[in-house]
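In this text the structure is predicted, and so the values were computed from the model without any measurement.
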Amino acid sequence: AVVWLCAGALLLCNADRMINSVAQIPMAEELGLNMTSLATLQSAFLSGYGLTQIPGGYAADKLGGPRVLFGGMLLWSLSVILLPLCATFSQPLIALAMARALFGFGSGVAIPAASSVVGQWVAPENKTSGIATVFLLFNMGAGLGPLVAGLMVKSFPWQYVYYTFGFASLAWVIYGWFSLPPAARAPLKAPEPAPKAGADVEPATKEVAVMTFVHAAYNMGFFTLQAWIPMYLKPLFGEFAGIASAFPWFLSAAVGYSAGLSADYLMKSKGWSNLNTRRFFLGFSSLIPAACLLTLSFTSSPVLAFVLLMVAAGSQATFVSGYHAYVQDVASAQAGQLIGFTNTWGIFSVMAATVGVGYILDKTGNNFSIVFMVTAAVYVALFVVGATFLSGKKLFPDSE
C-alpha cells in the first residue's frame, strides 16, 4: 500500500511536469514567448529541481520516504495552481520562472524519496519490481499529462490545465497522507549497524563518479524527449500534437514495468548476476534510443518519426531496471541520498543542454536534427561508461 500510494504521487508529479510541454504552446502564443524564453522557463524549473535532490534524498533516508514525498507534493501542487496567476504580472516571464522554480523545488524530492520508499518498504528480492512499480505510474503520468492537457487546450483556456492538475495533486496529498499506515507517517527508526567493509566493497568515490556520469547522460536524453516532443510534433500533427505526444510515454510505462519483472525473472530463474542484468538493461535503455534518434535526424515521414519516438521513449524506460535498481543493489539504505546526489549533477547538465536546445531551435528554424544527433551520442556514451566501469560492489557498508 505504501509503495502504491507513493507511486500515485509520482504519477501526478510527472503529469504536473508534462502538462507544461503542452500548455506552454498556447501560453507562449498569448504572451509572445519565443523558444529561448520557453527554454529559460524549463531551466528555472530545473534549477529548483536540482537544489532539493540531495537534501530531499538525505531527509528521506533519515526521516522516511513517504513523509518527504508528500511534503514536497504539497509544495509543488500549490506552485501549479499559482502559475496561471503569474502570467498576469507586468513582467510575466520573471513571474512564470519563479513559479516554475518553485515547482522544481517541491518536485525535486520526488525521485530520491521514492527510492527511499523502495529501500525502506520493499524486501531485497523484490526491489527491482518495486522500483518498476513506482516508475510504471511515473511514466503513466508522462502520458496522462499531455493527453488530458492536449484535449483541454482544444476547448478551454490554457490556464484551466494548471488549475485542474494542481487541485488534483492537492487532493492526492490529503488522500494519500491519511491513507498511509501510521508507521509510514512516523519518523524513521535508525537502522541496525552493519558489518564493516570487506572484499565486496567498492571505494565510493570512483563508483559514485561513474554513476553520476551515467545518470547525467540519461537525464540529458530523457529531458530532451520529455520537454521537446510536443514542439517537434506540432508541425507534423498540428493541434493534435499534445495528444500525440502522450502515447510514447504510455508505451514507456508498459515497457519499464515489464523490464522490472523481466529483470527479476532473469536473476531468480535464469541465474543472471545482478551486475550483468543491470548492464543488459543499461544497453537496452541507451543504444536503442540512440539508433532511433539518429534515424529520426534524417527522416521526413510523420508516421516513421512518430514510430521512432515511440520506440525511443519505450526503450529508454528500461533504465529503471538498469540504473535505479543498481542503486538498490549497491546502497539500498542510502538510495535516496545517492539518487539525489547523482541526479543533482544530471539536472545541472540538463539545464545547460536545455538552453542550448532552445538556442539551436531558434537559430535553425526549429530544425531538430542536430539536437537528435547530439542526444544519440550522449546515449552511446552512457552505455560505454556504465557497462565498462560499474562494479556491482557494495557502497557505504557501515550503513547497509
Side-chain angles (χ1 to χ4, degrees), residues 3 6-7 9-10 13-14 17 46 48-69 71-73 104-122 124 127-128 130-139 188 191 202 204-205 207-223 256 260 263 274 278 281-282 285 316-350 382 386 390 392 394-396 399-400:
V3 171
C6 293
L10 266 290
C13 175
N14 216 8
R17 181 194 299 176
L46 290 170
Y49 191 71
L51 285 174
T52 50
Q53 294 288 317
I54 294 175
Y58 180 83
D61 286 342
K62 300 300 182 182
L63 304 177
R67 304 176 82 206
V68 173
L69 176 58
M73 190 176 190
F105 193 85
S107 62
V109 306
I111 297 299
S115 296
S116 286
V117 168
V118 173
Q120 294 158 5
W121 291 89
V122 178
K127 288 190 185 296
T128 305
I131 281 286
T133 299
V134 168
F135 279 90
L136 166 67
L137 269 70
F138 181 73
N139 286 319
L188 191 66
E202 179 75 358
T205 303
E207 187 77 359
V208 172
V210 175
M211 295 170 71
T212 299
F213 179 87
V214 169
H215 204 166
Y218 173 78
N219 275 1
M220 291 183 71
F222 175 76
F223 278 100
N274 284 28
R278 306 312 175 208
F281 284 107
L282 279 179
S285 66
Q316 62 81 36
T318 63
F319 186 76
V320 172
S321 297
Y323 179 78
H324 286 274
Y326 181 81
V327 172
Q328 298 291 333
D329 292 342
V330 301
S332 180
Q334 298 195 356
Q337 296 173 71
L338 189 53
I339 287 290
F341 179 83
T342 62
N343 206 27
T344 295
W345 292 102
I347 293 304
F348 287 127
S349 67
V350 171
L382 181 165
L390 289 178
K394 294 289 185 181
L395 300 175
F396 318 118
S399 299
E400 289 297 316

J.: Evaluate the side chain to side chain contact (heavy atoms under 4.5 Å, CB included) criterion for residues Val122 and Val3: first the C-alpha distance (whole Å), next the side-chain angles of each, then the deciding distance (0.1 Å), finally the verdict.
T.: CA-CA 8 Å; Val122 178; Val3 171; 3.7 Å; yes

J.: Should Thr342 and Tyr323 count as side-chain neighbours, where that means a heavy-atom distance under 4.5 Å?
T.: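 A side-chain contact exists here, since the closest heavy-atom pair is under 4.5 Å.
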
J.: Would you please test Met211 and Leu395 for side chain to side chain contact (heavy atoms under 4.5 Å, CB included) and show each step?
T.: CA-CA 12 Å; Met211 295 170 71; Leu395 300 175; 4.0 Å; yes

J.: Can you find a heavy atom in the side chain of Ser321 that is under 4.5 Å from one in the side chain of Ile131?
T.: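 In short, these two side chains do not touch, never coming nearer than 4.5 Å.
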
J.: Which atom pair, heavy atoms only, marks the closest approach of Ala113 to Ala60?
T.: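 So the two residues come closest at CA-CB, 3.7 Å.
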
J.: Taking side chain as C-beta onward, heavy atoms only, is Tyr218 less than 4.5 Å from His324?
T.: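 In short, these two side chains do not touch, never coming nearer than 4.5 Å.
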
J.: Residues in side chain to side chain contact (heavy atoms under 4.5 Å, CB included) with Thr52, at least two apart?
T.: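 By the side chain to side chain contact (heavy atoms under 4.5 Å, CB included) rule, Thr52 matches Phe105, Val109.
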
J.: Hey, could you give me the CD1/CG distance between Ile54 and Leu338, rounded to the nearest 0.5 Å?
T.: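 Between atom CD1 of Ile54 and atom CG of Leu338 there are 10.5 Å.
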
J.: Kindly give the heavy-atom pair with the smallest separation between Thr128 and Ala325, and that separation in Å.
T.: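 Closest approach of Thr128 to Ala325, heavy atoms only: OG1-CB, 4.0 Å.
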
J.: For Asn14 and Asn139, what are the C-alpha separation, side-chain angles and deciding distance, and is it a side chain to side chain donor-acceptor pair (under 3.5 Å)?
T.: CA-CA 7 Å; Asn14 216 8; Asn139 286 319; 4.6 Å; no

J.: May I have the step-by-step check of side chain to side chain contact (heavy atoms under 4.5 Å, CB included) for Val330 and Leu390, ending in yes or no?
T.: CA-CA 10 Å; Val330 301; Leu390 289 178; over 6 Å; no

J.: Who passes side chain to side chain contact (heavy atoms under 4.5 Å, CB included) against Ala110, sequence neighbours left out?
T.: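 Side chain to side chain contact (heavy atoms under 4.5 Å, CB included) check on Ala110 returns Leu10, Cys13, Leu69, Trp76.
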
J.: Would you name the heavy atoms of Ser115 and Gln328 that are closest together and state the gap between them?
T.: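 So the minimum-distance heavy-atom pair works out to O-NE2, 3.1 Å.
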
J.: Would you find a donor on one side and an acceptor on the other, under 3.5 Å apart, between the side chain of Gln53 and the backbone of Gly108?
T.: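 Pair found, side chain donor or acceptor close to backbone of Gly108.
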
J.: Within the 4.5 Å heavy-atom criterion, are Tyr326 and Leu282 side-chain neighbours or not?
T.: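 No, side chains not in contact.
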
J.: Is the shortest side-chain heavy-atom distance between Val117 and Val134 below 4.5 Å?
T.: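 When only atoms from C-beta onward are counted, Val134 and Val117 do not touch, as no gap falls below 4.5 Å.
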
J.: Does Gln120 reach the main-chain N or O of Gly65 with its side chain, forming a donor-acceptor pair under 3.5 Å?
T.: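 Answer holds: yes.
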
J.: Apply side chain to side chain contact (heavy atoms under 4.5 Å, CB included) to Ser349 and list each qualifying residue two or more places apart in sequence or on a separate chain.
T.: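 Expected list: Ala216, Met220.
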
J.: Could you list the residues that satisfy salt bridge (charged side-chain N to carboxylate O under 4.0 Å, His left out) with Arg278, not counting sequence neighbours?
T.: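 Partners of Arg278 under the salt bridge (charged side-chain N to carboxylate O under 4.0 Å, His left out) test: Asp329.
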
J.: Using side-chain heavy atoms (C-beta onward) and a distance below 4.5 Å, is Ile111 in contact with Phe135?
T.: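 They are in side-chain contact.
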
J.: Can you tell me how far the OG atom of Ser332 sits from the NZ atom of Lys394, to the nearest 0.5 Å?
T.: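 Between Ser332 OG and Lys394 NZ, I get 7.5 Å after rounding to 0.5 Å.
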
J.: Could you list the residues that satisfy side chain to side chain contact (heavy atoms under 4.5 Å, CB included) with Phe348, not counting sequence neighbours?
T.: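 Here the qualifying residues are Thr344, Met351.
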
J.: Considering residues at least two apart in sequence or located in another chain, which fulfil the ring-ring contact (aromatic ring centres under 6.0 Å, His included) criterion with Phe281?
T.: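 Residues passing ring-ring contact (aromatic ring centres under 6.0 Å, His included) with Phe281: none at all.
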
J.: Out of curiosity, Arg17 CZ to Ser107 OG, how far, rounded to the nearest 0.5 Å?
T.: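 Going from the CZ atom of Arg17 to the OG atom of Ser107 covers 6.0 Å.
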
